[in-house]
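Both counts, for ligands and for their atoms, begin at 1 and track the order of listing.
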Amino acid sequence: MNSINDVKIIDIPKVHDERGFLAVVEKNVIPFGIERVYYLYDVPTESSRGGHAHKEQQSVIIALSGSFEVIIDDGKMKKRIMLNKPNQGLFIPIGIWREIENFSSGAVCLVLASTEYDEAEYIRDYSEFKAQLLG
Ligand code: TYD
């Protein structure tokens, strides 16, 4: 089973010149094949997003604009990670509970996902998540 120590910050290569920055997500940077991309925007500051774990989906979360905090939880340990750099991604393997909150004004949360959307592979109930860890 994965622990929060398996959650990693990924540096996304960027090119800079006087016209600004260009960041490139190539397949060698992401530890899985990307099947889906979705993004959250116009999120009220008081909103809490996420609130689930996945049985199959691996994700990389990028703060394309603005900032927000991701709380990761493996059932034993929890950690709060601020994302605020468009050239950094947070890799979350399967089996990690995540919540996303404290969205800044104008924040855009991009998610690269290893699977197509399938509600059946979500665990949205925290007690079910804890029960799964016990075996
Ligand atoms: P939800 O999983 O609650 O969003 P988050 O965890 O990021 O806060 O999803 C919100 C709604 O959008 C829910 O009805 C499921 C739907 N949805 C899709 O239809 N396709 C998708 O790829 C995703 C991620 C969600």
*Asks:* Is R36 in polar range of ligand 1, meaning some N or O pair under 3.5 Å apart?
*Replies:*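 Yes, there is a polar N/O contact under 3.5 Å.
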*Asks:* Parallel, tilted or perpendicular: which describes the rings of W97 and F129, with under 30° parallel and over 60° perpendicular?
*Replies:*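 Correct class here is tilted.
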*Asks:* Can you tell whether the side chains of D17 and R19 come within less than 4.0 Å, N to carboxylate O?
*Replies:*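 A salt bridge is present here (some side-chain N lies under 4.0 Å from a carboxylate O).
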*Asks:* Going by the order shown, which atoms of ligand 1 are within less than 4.0 Å of some heavy atom of H52?
*Replies:*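 The list of qualifying atoms is 6 (O).
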*Asks:* Less than 4.0 Å between atom 20 (N) of ligand 1 and some protein heavy atom, yes or no?
*Replies:*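 Yes; the ligand atom in question has protein heavy-atom contact below 4.0 Å.
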*Asks:* Does atom 11 (C) of ligand 1 have a protein heavy-atom neighbour under 4.0 Å away?
*Replies:*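 Protein heavy atom within 4.0 Å of atom 11 (C) of ligand 1: absent.
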*Asks:* Checking salt bridge (Lys or Arg N to Asp or Glu O under 4.0 Å) for the pair R80/E69: CA distance, chi angles, key distance, verdict?
*Replies:* CA-CA 6 Å; R80 181 177 284 268; E69 291 177 306; 2.9 Å; yes
*Asks:* With a 3.5 Å cut-off and no angle check, do the side chains of E119 and Y117 form a donor-acceptor pair?
*Replies:*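 There is such a pair between these side chains.
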*Asks:* For G50 and ligand 1, does the shortest N/O to N/O distance drop below 3.5 Å?
*Replies:*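 Right, the criterion is met.
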*Asks:* Heavy-atom distance under 4.5 Å between the side chains of S104 and F68, does that happen here?
*Replies:*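 Result no, sub-4.5 Å side-chain heavy-atom pair not found.
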*Asks:* Looking only at distance, does Y117 have an N or O less than 3.5 Å from an N or O of ligand 1?
*Replies:*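 For ligand 1, there is no N or O atom that lies under 3.5 Å from one belonging to Y117.
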*Asks:* Can you name the closest pair of heavy atoms from E56 and T115 and give their distance?
*Replies:*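 Minimum heavy-atom separation between E56 and T115: O-CG2, 4.0 Å.
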*Asks:* Considering only heavy atoms of R49, which atoms of ligand 1 have at least one such atom less than 4.0 Å away?
*Replies:*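 Listed by number with element, the hits are 4 (O), 5 (P), 7 (O), 8 (O), 10 (C).
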*Asks:* Under 4.0 Å and counting heavy atoms only, is there anything from the protein next to atom 14 (O) of ligand 1?
*Replies:*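 Looking at atom 14 (O) of ligand 1, one finds that no protein heavy atom lies closer than 4.0 Å.
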*Asks:* In this structure, does ligand 1 have an atom that sits under 4.0 Å from one of the heavy atoms of R124?
*Replies:*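 In this structure, R124 qualifies as a contact of ligand 1 - some heavy atom is under 4.0 Å.
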*Asks:* Should the proximity of E119 to ligand 1, defined as any heavy atom under 4.0 Å, be assigned to the side chain, the backbone, both, or neither?
*Replies:*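 No part of E119 is near ligand 1 at this cut-off.
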*Asks:* Please work out which of the three classes, parallel, tilted or perpendicular, describes the rings of H52 and H54, given edges at 30° and 60°.
*Replies:*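 Correct class here is perpendicular.
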